[in-house]
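Have a look at the structure below, then the notes.
All values below come from the heavy atoms of this structure, side chains included, with hydrogens, waters and symmetry mates left out. Model, not experiment: these values are computed from the prediction.
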Amino acid sequence: MEINEQRLPAEQTIRALVQQSHEGPRDLTLTTDRPRPVPEPGEYLVRVGAAGVNFADVMQSRGTYGGGPQAPYVAGFEAAGEIVGAGPGVEAPLAPGTHVVGAGPGAFAQYMTMPAAGVLPVPAGWSDAQALGLVLNWATALAAVKTLGAVQAGEVVLVHAAAGGVGQAAVRLARHYGARVIGTASPSKHATVRALGADLVLDRRRPDLAAEISRRTAGVDLVLESVGQATFATSLSVAKPVTGRVVVFGASSGEATVTTHDLVFTHPVQIKGLHIGTLAVAAPSLYRSLLTELEALIAQGIYTPGTPALYPLSEGAMVLQQLEAGQTEGKLALDPWR
């Protein structure tokens, strides 16, 4: 909920990036007089230290994200920062001053609200920026690789968009669980993906991608599909019949379709859809176990502090345009105080 008065003292107004239309990232506008949000029941008010940039932000800017906000709206939904207030009804509230990472509306701003049930404390010794990705990128990757993907040591895992935020986490996790990893990425990003431990990196745009993967494997056990139209046919064709799993959690290149005829006669594989927010709501015990495993991975040194590219809030439109054009790699973040 936002304060409704038209005129507010300076300390109650904030800098924020507002999406003015559904014409894409170019219509993101920096404002300095946005009302500071007020936490609803069950929410924290957070002073944002760093906001994560995700492809879902691009989709929301074009109105193609399911259930996304209607323009105009304060953009962004992932952030880490300091708790400065709480609405009523927060169970076992964290103390003011605690740094947390979580999701909520309007993250591209100096202050935002977050549902208290969905936040995690920033790991000890980590900065706000380093904690970005914990409840989105890494949680999605872990759900795709293990919770839904059921990866086993010795299996072959294909990770599309392996240089992205979720992709990089997925490569590292699949290797940690003993899988052989094939990543796809544009040629300029191959060195990055290899450094993460991928056994093979291929250009997803090569016309013989499916044939090349089939030539090098006896079939793929698990495919992590976030690209959509440009790679979906390849994903189905290289997955092992019957036992092969395709976990779908994005469609950055556009929608892809599959028919019942495909699944029965041409590509009899297991297709599983994943949205981490839906998983958290629909299967809370499963989500809690996933977060517990992430905490264990941090303790074991498998999941180390992130190294996001941090940009001033004023450059948010440019950052999202580059992300949409496939010109970025790794985790991206905005500093709302710059």
Side-chain angles (χ1 to χ4, degrees), residues 1-8 12-46 48 51-79 81 87 102-119 132 135-137 140 165-166 226 228-229 248-256 273-282 311 313-325 332-334 336:
M1 181 177 74
E2 293 188 342
I3 300 170
N4 292 322
E5 288 86 345
Q6 292 186 356
R7 293 195 163 197
L8 297 164
Q12 289 185 290
T13 60
I14 61 174
R15 300 172 78 236
L17 275 179
V18 176
Q19 183 70 42
Q20 302 288 356
S21 74
H22 289 303
E23 296 299 319
R26 66 182 179 84
D27 277 345
L28 268 176
T29 302
L30 181 66
T31 64
T32 59
D33 59 354
R34 192 76 179 178
R36 188 170 68 182
V38 175
E40 296 275 9
E43 293 182 339
Y44 288 124
L45 176 64
V46 174
V48 177
V53 179
N54 299 278
F55 200 85
D57 296 308
V58 174
M59 296 178 68
Q60 287 187 352
S61 77
R62 297 210 174 268
T64 59
Y65 191 85
Q70 294 300 305
Y73 61 89
V74 179
F77 62 91
E78 177 199 17
F108 294 169
Q110 291 173 314
Y111 290 85
M112 68 176 295
T113 59
M114 292 182 185
V119 307
L132 290 174
V135 298
L136 288 180
N137 301 103
T140 297
V166 177
S226 63
Q229 189 177 73
V248 182
F249 55 91
S252 60
S253 69
E255 296 296 322
L274 169 62
H275 183 282
I276 197 65
T278 301
L279 188 152
V281 173
Y311 297 87
L313 189 67
S314 58
E315 296 181 10
M318 177 270 293
V319 173
L320 263 72
Q321 287 175 306
Q322 291 181 346
L323 176 61
E324 184 176 35
L332 307 171
L334 301 177

Is there a side-chain contact between Leu17 and Leu334 in this structure, where contact means two heavy atoms from C-beta onward sitting under 4.5 Å apart? yes
Smallest separation among heavy atoms of [X] and [Y], with atom names:
X: Leu28; Y: Ala75; result: CD2-CB, 3.7 Å
X: Ala51; Y: Leu132; result: C-CD1, 3.8 Å
X: Phe108; Y: Val74; result: O-CG1, 4.0 Å
X: Pro25; Y: Ala317; result: O-CB, 3.4 Å
X: Ala109; Y: Pro336; result: O-CB, 3.4 Å

Nearest 0.5 Å please: distance from the [atom1] atom of [X] over to the [atom2] atom of [Y].
X: Arg26; Y: Gln19; atom1: CZ; atom2: CD; answer: 9.5 Å
X: Gln60; Y: Gln70; atom1: CD; atom2: CD; answer: 10.5 Å
X: Ile14; Y: Tyr111; atom1: CD1; atom2: OH; answer: 8.5 Å
X: Thr13; Y: Arg36; atom1: OG1; atom2: CZ; answer: 9.5 Å
X: Leu332; Y: Gln322; atom1: CG; atom2: CD; answer: 8.5 Å
X: Tyr73; Y: Gln20; atom1: OH; atom2: CD; answer: 10.5 Å

Please determine whether side-chain contact (heavy atoms from CB on, under 4.5 Å) holds for the pair Asp57 and Tyr65, giving the CA-CA distance in whole Å, both sets of side-chain angles, and the decisive distance to 0.1 Å. CA-CA 8 Å; Asp57 296 308; Tyr65 191 85; over 6 Å; no
Check whether [X] reaches the backbone of [Y] with its side chain - one donor and one acceptor, N or O, closer than 3.5 Å.
X: Thr31; Y: Ala16; result: yes
X: Arg62; Y: Glu23; result: yes
X: Glu43; Y: Gly87; result: no
X: Ser253; Y: Gln229; result: yes

Take Val48 and Gln110, measure what side-chain contact (heavy atoms from CB on, under 4.5 Å) needs, and give me the verdict at the end. CA-CA 5 Å; Val48 177; Gln110 291 173 314; 6.0 Å; no
Verdict with supporting geometry, Val53 and Leu320, side-chain contact (heavy atoms from CB on, under 4.5 Å): CA-CA 7 Å; Val53 179; Leu320 263 72; 3.4 Å; yes
Using the rule given for side-chain contact (heavy atoms from CB on, under 4.5 Å), can you reason through Phe77 versus Asn54, listing the C-alpha separation, both sets of side-chain angles and the distance that settles it, and then say yes or no? CA-CA 9 Å; Phe77 62 91; Asn54 299 278; 4.0 Å; yes
